[in-house]
Amino acid sequence: MHPIYQLRQAIIPLVQDQFGHVFTEEDIPLTPTRKEFTGDYTLVTFPLTRAAKMSPDQIAVVLGDALVAEAGNVVAGYNVIKGFLNIEIQTAMWLSYLEAQSRETLPAFPRLDERVLVEYASPNTNKPLHLGHIRNILLGWSMSQILDRVGYDVTKVQVVNDRGIAICKSMLAWQKFGKGITPASGGIKGDHLVGDFYVRFEEAFKEEYAAWQTTKTAENMWRSVQESADPEKKPVSRDGFFKNYKNTYFNEASELGAEAREMLLKWEGNDPEVRTLWTTMNEWVYAGFQETYDALGVTFDKSYYESQTYLLGRAIVDKGLAMKAFYREDDGSVWIDLTDVGLDKKILLRSDGTSVYMTQDLGTAQDRYSDFKASRMVYVVADEQNYHFQVLFAILKKLKAAYADGLVHLSYGMVELPTGRMKSREGTVVDADDLIAEVIREAREGAEERGESEEIPAEERNEIYRKVGIAALKYHMIKVNPKRRMIFDPKESVDLQGHTGPYIQNAYVRIQSIFRKAGHPQPNATLSGYPLQAGEKELLLLLSEYPVHIQSAADQYDPSHVANYAYAVAKAYHKFYHEYPVLRAESDLAKEVRLHLSLVTGRILKDAMELLGMEMPDRM
RNA sequence: GGUCCCAUAGCUCAAUGGAUAGAGCAACUGCCUUCUAAGCAGUAGGUUGCAGGUUCGAGCCCUGCUGGGAUCACCA
């Protein structure tokens with residue numbers, strides 16, 4: 001049993017008897033004692049001053065004395081500094097806690113018999129995955145692992161945006177310029193091939209548009225704009241005008257635009273030829289995505305495809321109208337008024353009867369609920385869609401959906417480069433596959449420079465480089481609070497030293513190395529009587545906090561809590577490792593205690609990293 | 001303009017309303033004949049954007065301001 005649990009059990013009745021104040025387990029103001037003071041836990045006495053009618057110091061002394069007298073098996077002693085009651089736990093408690101921990105496997109959370117669905121990664125099929133997707137994927141994956149660990153049944157889903165004008169552009173460019181190339185014939189990963197044709201389309205369109213701007217039609221248009229310009233307003237430059245006009249041109253005058261839109265219409269009309277091409281190219285993309293997912297070590301329980309869900313939501317519109325939650329305008333469009341909850345009015349059905357993105361999401365939510373009966377749904381989506389999810393959740397609440405109270409938008413900040421936002425037009429998008437290859441290469445070069453792994457067989461060595469490189473990348477992204485906008489410096493993401501994934505792996509590797517030489521600790525060893533030293537106790541106290549950090553990561557939907565905790569443990573272990581010899585410990589008992597500490601540390605590090613999607617090598 | 005998010009060391013980030021705000025990187029100094037130096041120890045670096053307020057106690061909560069970002073489509 002965790003000493004802090006017993007301490008709480010001792011404190012509650014004492015505080016009630018002495019001061020008539022009732023603490024619950026959760027609101028006892030008990031924190032780990034800061035390093036510069038002696039003690040294990042600190043009770044803050046200020047909240048008791050009113051009930052006790054005493055000064056904080058007096059309260060601390062009264063409680064300290066009572067704890068020593070009545071819970072002497074738990075509390076060894078105390079000191080009081082400025083109203084803070086620093087409590088020292090009996091060493092025997094810590095040793096038996098360590099014994100128990102090394103026998104158990106991992107922190108056990110009761111199963112909750114509640115399903116939570118996590119949506120993460122919503123790629124478009126016209127482009128390969130990039131840095132932003134990586135953040136999304138890592139957050140979603142680790143959040144799923146963490147929710148599973150604290151007791152939920154987790155279902156992981158992705159939404160694939162596989163339809164629309166964008167994929168038609170790729171298809172059209174492939175028809176025009178592809179000469180029948182396939183991923184196999186061109187030796188190109190499928191998602192990259194399709195992405196290349198998307199770029200190819202944009203280039204061709206840009207050329208067409210530039211040529212058109214020199215025509216008489218364009219010239220006349222520009223002239224009439226100038227003539228009708230409001231003299232009060234700042235004049236628009238010719239370039240500026242045509243930049244703004246680009247979309248209109250695409251929709252109204254462009255030949256390529258017309259062809260792409262025609263393709264989209266054919267797609268919607270189930271034209272066999274277009275559908276076949278669409279299926280073929282999307283399959284290429286999925287094979288490519290799968291490679292990237294494999295490299296990142298993530299899986300999904302189910303994929304939803306926009307082509308199958310984009311018409312959903314009509315039934316909900318009818319229901320909303322029947323419930324009078326929605327209303328119909330004279331032109332036939334359907335709206336919801338959310339001004340009463342501080343939002344705006346939102347359209348749900350256009351006047352021509354077609355639906356919008358929001359309607360589709362309403363339908364998809366309902367669809368998923370009938371698929372999985374999840375009481376909670378977590379959407380891992382970038383913060384540019386905060387408003388969208390506010391509205392979506394508010395609508396579902398108005399519709400009294402059964403799952404309305406369990407909706408969470410795990411909103412994460414956009415990933416930017418030191419040079420600013422990623423712009424596909426400027427070629428500054430960091431490709432996921434390139435980045436993965438780069439971090440693994442960096443891990444290899446780092447190891448070869450050190451020249452320590454030469455005796456390891458090549459195959460195992462490559463596996464180590466992969467684990468180390470991927471951990472460097474993943475840890476770099478997952479250690480920061482999700483809602484924070486992230487500046488991603490590629491140079492730093494391949495760092496292998498300091499506050500990094502490999503640093504944590506290294507602590508684990510040191511532990512495994514000790515076990516290879518000294519064997520594992522005795523499962524039923526008795527550790528009592530050992531005088532725990534400061535650095536040993538510091539490590540043990542930190543280890544004992546693990547479940548708290550998993551729980552807070554789950555409660556706050558923030559895996560970075562686990563990441564930062566794992567770093568703290570690794571740091572404490574590195575320090576311990578340097579300070580206290582294990583193989584050459586001063587006594588058998590000391591050696592046994594340190595082996596136990598190492599065992600529990602290794603287990604927690606490995607588990608924490610697994611929750612974050614990182615693998616541990618045994619050697620590096 | 002409305003709404004939401006962010007602002008902490010030169011840079012990237014931590015810090016359940018609790019004590020003297022911590023790490024890493026970069027810089028400098030030590031430590032490999034000793035369990036893996038991807039490590040350890042140390043030096044230096046701060047008016048937590050500004051001004052008020054609440055509190056025994058504020059980086060954290062409230063108000064106002066400044067700066068940055070997102071969003072407010074019959075787009076997705």
Side-chain angles (χ1 to χ4, degrees), chain A residues 26 29 31 33-34 36-37 42 44-47 49-50 55-56 81-84 86 122 124 161 164-166 247 306 310 329 331-335 342-344 346-352 354-358 360-361 382-388 390-391 411 413-414 416 418 421 443 446-447 449-450 452-453 468 472 476 479-481 483-489 491-492 495-507 509-518 548 552 555-556 560-561 564 567-568 570-571 573-575 577-585 594 598 619-620:
Chain A
E26 291 74 39
T31 58
T33 301
R34 293 178 63 110
E36 60 265 38
F37 304 103
T42 296
V44 185
T45 58
F46 288 96
T49 47
R50 185 165 304 171
S55 75
I81 297 170
K82 293 198 295 185
F84 293 89
N86 300 318
S122 35
N124 299 326
N161 300 115
I165 193 73
N247 257 334
E306 200 200 356
Y310 80 110
E329 283 286 350
D331 62 4
S333 57
V334 175
W335 296 73
L343 302 168
D344 298 314
K346 182 75 194 173
I347 192 159
L348 296 167
L349 221 50
R350 298 189 186 99
S351 50
D352 65 4
T354 57
S355 59
V356 293
Y357 186 51
M358 186 64 73
Q360 181 184 324
D361 264 8
D383 63 7
E384 59 187 351
Q385 296 203 37
N386 282 355
Y387 182 73
H388 173 77
Q390 271 185 32
V391 172
S411 164
M414 307 287 280
E416 293 179 17
R421 283 187 80 158
E449 231 169 74
R450 231 167 283 114
E452 279 168 1
S453 48
V468 171
H476 183 70
K479 74 177 175 187
V480 333
N481 179 337
K483 72 181 174 191
R484 224 185 157 98
R485 196 155 46 103
M486 187 166 109
I487 311 231
F488 183 91
D489 188 339
K491 282 204 301 288
E492 287 173 10
D495 276 351
L496 308 172
Q497 285 156 18
H499 189 183
T500 66
Y503 175 94
I504 298 167
Q505 290 175 319
N506 185 233
V509 160
R510 284 178 145 180
I511 291 167
Q512 302 318 305
S513 175
I514 287 175
F515 289 156
R516 276 196 297 275
K517 294 188 169 137
V548 175
S552 85
D555 293 346
Q556 294 176 48
S560 73
H561 289 209
N564 286 307
Y567 173 71
K571 192 175 166 60
Y573 189 81
H574 277 306
K575 185 186 166 90
Y577 178 90
H578 184 261
E579 250 174 281
Y580 306 99
V582 179
L583 301 185
R584 269 172 281 274
R594 289 171 197 166
S598 300
R619 296 192 275 183
M620 64 193 285

Let's test your reading of the pairing rules: Watson-Crick or G-U wobble, both distances under 3.5 Å, then write RNA chain B as a dot-bracket string with ( ), [ ], | and dots.
(((((((..((((....[...)))).(((((.......))))).....(((((..]....))))))))))))....
Might you point out which heavy atoms bring [X] and [Y] nearest each other, and give the distance in Å?
X	Y	value
A:A518	A:L583	CB-CD2, 3.1 Å
A:V468	A:M620	CG2-CE, 4.0 Å
A:P581	A:R594	O-NH1, 2.8 Å
A:W335	A:I347	CE3-N, 3.4 Å
A:M414	A:A382	SD-CB, 3.7 Å
A:A472	A:D495	CB-O, 3.8 Å

For A:D555, I'd like to know if atom CG has over 12 heavy atoms of other residues, nucleotides or ligands within 6.0 Å.
yes
When you measure only distances, ignoring hydrogens and angles, does the side chain of [X] come within 3.5 Å of the base of [N] through a donor and an acceptor?
X	N	result
A:N506	B:A37	no
A:T49	B:C56	no
A:T42	B:A19	yes

On a whole-Å scale, what distance lies between the [atom1] atoms belonging to [N] and [M]?
N	M	atom1	value
B:C13	B:C6	P	14 Å
B:A38	B:A51	P	47 Å
B:C74	B:A70	C1'	23 Å
B:C11	B:U16	C1'	29 Å
B:U71	B:A23	P	38 Å
B:G39	B:G2	P	50 Å
B:C25	B:C35	P	23 Å
B:G64	B:C56	C1'	26 Å

Comparing A:Y580 with A:H561, nearest RNA chain B nucleotide closer to 5' gives the residue A:H561
Please compare A:R421 and A:K575 by the position of their nearest nucleotide in RNA chain B and report the one closer to 5'.
A:K575
If you compare every side-chain N and O of A:R350 against the phosphate oxygens of B:A76 (OP1, OP2), does one of them come in below 4.0 Å?
yes
Can you check whether A:K82 has a side-chain N or O nearer than 4.0 Å to OP1 or OP2 of B:U20?
yes
Which is true for [X] with a 4.0 Å heavy-atom rule: it touches a base, it touches only sugar-phosphate, or it touches nothing?
X	value
A:Y387	sugar-phosphate
A:V468	base
A:Y567	sugar-phosphate
A:M486	sugar-phosphate
A:E579	nothing
A:P47	base
A:N124	nothing
A:S560	nothing
A:L496	base
A:F515	nothing
A:R510	sugar-phosphate
A:D361	nothing
A:V582	base
A:R594	nothing

Return the value, rounded to whole Å, for the distance between atom [atom1] of [X] and atom [atom2] of [N].
X	N	atom1	atom2	result
A:D352	B:C74	CG	P	12 Å
A:Y310	B:C75	OH	C1'	16 Å
A:D489	B:A26	CG	P	12 Å
A:D344	B:U71	CG	C1'	10 Å
A:K346	B:U3	NZ	C1'	14 Å
A:N86	B:A19	CG	C1'	9 Å
A:D495	B:G39	CG	P	10 Å
A:H388	B:C72	NE2	C1'	14 Å

Looking only at side-chain atoms of [X], point me to the closest of [options].
X	options	result
A:W335	B:C74, B:A14, B:A38	B:C74
A:N564	B:A14, B:A23, B:A19	B:A14
A:N386	B:A76, B:U12, B:C4	B:C4
A:R485	B:G69, B:A38, B:C13	B:G69
A:R584	B:C74, B:C56, B:C35	B:C35
A:L583	B:A38, B:A70, B:C35	B:C35
A:V356	B:G18, B:C25, B:C74	B:C74
A:K483	B:C6, B:C74, B:U16	B:C6
A:I487	B:U12, B:C74, B:G24	B:U12
A:I514	B:C35, B:U16, B:C74	B:C35

Do you see a donor-acceptor pair shorter than 3.5 Å between the side chains of [X] and [Y]?
X	Y	result
A:S598	A:Y573	yes
A:T42	A:T31	no
A:H388	A:D361	yes

What do you reckon, do A:F84 and the base of B:A19 stack, with centroid distance below 5.5 Å and planes below 30°?
yes
Base of B:C31 relative to its sugar, syn (within 90° of 0) or anti?
anti
For the pair A:Y503 and A:Y567, name the ring-plane relationship: parallel under 30°, tilted 30 to 60°, perpendicular over 60°.
tilted
Kindly determine whether A:S55 and A:T49 satisfy side chain to side chain contact (heavy atoms under 4.5 Å, CB included), including the steps that lead there.
CA-CA 6 Å; A:S55 75; A:T49 47; over 6 Å; no
